[in-house]
Q: 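One structure, pasted below without further comment.
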Amino acid sequence: MPNAGLLSRCEIFVYFGVYIAYIVVGLYKIYELRDHIVKEAQFQFSDGWSLLPFLRRRRDDSNDELENFGDFIAKFWPFYLLHAIVNGVLNWKWPRLLCHGYAAVCALALGLNLHWTSLAVLVLLVGSYFLVSLTGSKRLVWLLSAGWILWINVMKNNTWWIDRVGYAEYVMVIVTLSWSLLRGCSFALSKFGAQKDVNTSSYDLIQYLGYAMYFPCLTYGPIISYQRFAARRQGQGAPRNWLGFICAVGRSAIWWLLMQCGLHYFYIHYMARDVRMVAMMDSVFWQHSAGYFMGQFFFLYYVVTYGLGIAFAVHDGIPAPSRPRCIGRIHFYSDMWKYFDEGLYEFLFKHIYAELCGKHSSPARKFCATALTFAFVFVWHGCYTYVLIWSILNFLCLAAEKLYKSLISMPTYQTWTLRHLGPVGAQRLHAMLATQLFIPAAFSNVYFIGGQEIGDFLMRGAYLSGVGNYMALCFCSYCFFQCSELLLAKLKPKTT
């Protein structure tokens, strides 16, 4: 692939200048709307922090996921602390009892805070996957998963149950069930693969409960494969870095505080749910920046939630997935799946895609495997129209990206571009073509973040607002692409 490092310093300066200017001006445009949004909002925002009375403003509390996470931490923080203490003691004195400790802390946390109906469903789901793991049948695992996905979707609309447990517990249980389903699949399918090996003692009931009931990642992720969990370091020969652990937890706390502070001045979460607010921006060109910052605040949410779970996992000796990569450094949509949620990508790739096709399979078979993978993504996230649109756009963008990469890897294409355009010109052409994939891929995320109405609005703005607007969007996206290529090349480890 052409190397962005061939570009001149002046050209690189222009790319980063456009990138930074668009972000700064776009953020200011959103800041300018703050008072208009407060007046026009369909409900009143909550009171903001009173630390600085003269700067006191209302806080955008319209993102249910972020608000629920805050309520969850306020309620369950003692159990995070208890988990750290129990793990430290057991790892020091009785490392063989670590999984017992993991399960006990989780059972205590749930038993003291959940309605009996919620507990019953969680116990049934966790238990059912251990039982199906005894059968050795992958087909039964997927049939069980289909049944649980159907049941979770039924629970989402069960007003009898919601009225009894309350909205906060309803959200927590639905999310926990969804993550637990993946953990159950990972355990059972990994066990079937390990049956070919000599040692399968790490797949007993206690190990499974320690994995399925690992409290720091139970509700807010990330998904950690059972193979990662089984490869954890434990015992007196595995010292714990308490300072590093405190810094990692503090890092998530700092990002949460910065995001909360920002929501006093940038009402981007409300803009994601009320298209009228985005339409109030100066022009269609600047409305695109609203989509960008919806993505950035979405990213920050997962930096906080995943970062907390990863901090505990790493401290406990579990080789956890990496933290989400900033979307400002992602220019190919395949990288969004690989590096934004590494744990989910590993699950989808290993247990679905790789089971349906191999490295040397035909393009048609790979195409079908990708389609079925995104079909699972759709039903697991919830059978909503906006999720369907997001899943289809993801699938189409990834398929188009594969075709594009096949094109630029062809010797004929490479010879022609190098002969007529030279190395630098070939790299620019590469970026211009890839930009046409980057634009729809970037806007597809708005469907998932804000829903169908805001997604349709920004898509129409991108493609149906005249040639001038689209050319301006293409130029800015081209600059973003080049900046991301340069940053990726700079941060990539050098091989000798």
Side-chain angles (χ1 to χ4, degrees), residues 26-27 30-31 33-49 57-76 156 162 166-176 178-179 219-222 252-281 287 289-309 324 326-328 340-341 381-382 384 386-387 390 442-455 457-458:
L27 190 62
I30 294 170
Y31 172 78
L33 291 176
R34 64 196 188 284
D35 293 327
H36 297 289
I37 292 174
V38 170
K39 292 178 182 177
E40 298 292 332
Q42 296 175 352
F43 56 83
Q44 190 177 52
F45 294 160
S46 63
D47 290 335
W49 294 342
R57 299 193 55 81
R58 292 194 175 275
R59 181 179 64 85
D60 182 357
D61 60 348
S62 56
N63 186 295
D64 288 343
E65 289 184 339
L66 182 60
E67 298 303 308
N68 289 330
F69 174 72
D71 294 340
F72 178 86
I73 295 298
K75 188 174 186 179
F76 285 94
K156 289 178 181 178
I162 297 171
Y167 182 73
E169 182 172 326
Y170 153 75
V171 172
M172 176 191 166
V173 171
I174 292 297
V175 174
T176 303
S178 299
W179 284 122
T219 302
Y220 284 95
S252 287
I254 290 170
W255 279 118
W256 181 83
L257 287 170
L258 288 174
M259 183 163 50
Q260 292 293 327
C261 182
L263 291 174
H264 287 70
Y265 300 96
F266 307 102
Y267 298 148
I268 195 69
H269 286 155
Y270 187 79
M271 294 176 75
R273 62 186 300 167
D274 191 341
V275 71
R276 297 177 304 132
M277 304 300 108
V278 181
M280 290 168 59
M281 298 187 77
Q287 289 169 7
S289 66
Y292 175 84
F293 283 104
M294 288 174 197
Q296 284 290 6
F297 274 79
F298 179 79
F299 158 71
L300 286 177
Y301 168 77
Y302 281 98
V303 166
V304 172
T305 56
Y306 281 11
L308 183 61
C326 176
I327 64 170
F340 188 85
D341 192 337
H381 276 96
Y384 303 107
Y386 72 91
V387 178
W390 170 71
F443 280 112
S444 70
N445 284 328
V446 179
Y447 283 95
F448 186 74
I449 297 168
Q452 183 178 354
E453 186 179 16
I454 188 67
F457 178 80
L458 290 179

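Fair warning: this is a prediction, and the values are worked out from it, not measured in the lab.
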Q: With heavy-atom distances below 4.5 Å as the criterion, would you say the side chains of M172 and N68 are in contact?
A: no
Q: Please name the pair of heavy atoms, one in K156 and one in I162, separated by the smallest distance, quoted to 0.1 Å.
A: O-CD1, 3.6 Å
Q: Establish, yes or no, whether a centroid distance under 6.0 Å links the rings of F293 and F266.
A: no
Q: To the nearest 0.5 Å, what is the distance between OH (Y292) and CD1 (I327)?
A: 6.0 Å
Q: Quick one: side chains of residues 33-41, donor-acceptor pairs under 3.5 Å with protein atoms, not counting sequence neighbours, listed by atom name and distance.
A:
unit_1: R34; atom_1: NH1; unit_2: Y31; atom_2: O; d: 3.0
unit_1: R34; atom_1: NH2; unit_2: Y31; atom_2: OH; d: 3.4
unit_1: D35; atom_1: OD1; unit_2: R57; atom_2: NH2; d: 2.9

Q: Taking C-beta and beyond as the side chain, do E453 and Y386 meet within less than 4.5 Å on heavy atoms?
A: no
Q: Who passes side chain to side chain donor-acceptor pair (under 3.5 Å) against T305, sequence neighbours left out?
A: none
Q: My understanding is that only residues two or more places apart in sequence, or in another chain, count here; which of them pass salt bridge (Lys or Arg N to Asp or Glu O under 4.0 Å) with R59?
A: E67
Q: Begin with the C-alpha distance, continue with both residues' side-chain angles, and end with the deciding distance and a verdict on side chain to side chain contact (heavy atoms under 4.5 Å, CB included) for L458 and V278.
A: CA-CA 9 Å; L458 290 179; V278 181; 4.1 Å; yes
Q: For S289, which residues count as a side chain to side chain donor-acceptor pair (under 3.5 Å) partner, sequence neighbours excluded?
A: none
Q: Can you find a heavy atom in the side chain of W256 that is under 4.5 Å from one in the side chain of L308?
A: no
Q: Apply the side-chain contact (heavy atoms from CB on, under 4.5 Å) test between F297 and each candidate in I449, L66, L263, D60; give the one that qualifies.
A: L263
Q: Could you give the distance from CD (E65) to NE2 (H269), rounded to the nearest 0.5 Å?
A: 9.0 Å
Q: Which residues pass the salt bridge (Lys or Arg N to Asp or Glu O under 4.0 Å) test with D47, not counting sequence neighbours?
A: R58
Q: F340 and F298: aromatic ring centres closer than 6.0 Å?
A: yes
Q: So, taking the atom named CZ in F443 and the one named CE in M294, what distance separates them when rounded to the nearest 0.5 Å?
A: 10.0 Å
Q: Would you call W390 and N445 a side-chain contact if the rule is heavy atoms closer than 4.5 Å?
A: yes
Q: Which heavy atom of Q296 sits nearest a heavy atom of G328, and at what distance?
A: NE2-N, 3.8 Å
Q: Without swapping roles, check the side chain of W255 against the backbone of V304 for a donor-acceptor pair under 3.5 Å.
A: no
Q: Step by step, work out the side chain to side chain contact (heavy atoms under 4.5 Å, CB included) result for I30 and M281.
A: CA-CA 8 Å; I30 294 170; M281 298 187 77; 3.9 Å; yes
Q: Under the rule for salt bridge (Lys or Arg N to Asp or Glu O under 4.0 Å), what residues qualify as partners of D274, not counting sequence neighbours?
A: R276
Q: Is the distance between the ring centroids of Y270 and F43 less than 6.0 Å?
A: yes
Q: Flag the pair Y301 / Y220 as yes when at least one side-chain heavy-atom distance between them is below 4.5 Å, and no otherwise.
A: yes
Q: Any non-hydrogen side-chain atom of M271 less than 4.5 Å from a side-chain atom of I454?
A: no
Q: Over all heavy atoms of both residues, which pair between A290 and I268 is shortest? Give the atoms and the distance, please.
A: O-CD1, 3.6 Å
Q: In Å and rounded to the nearest 0.5 Å, what is the CD to OG distance from Q42 to S62?
A: 10.5 Å
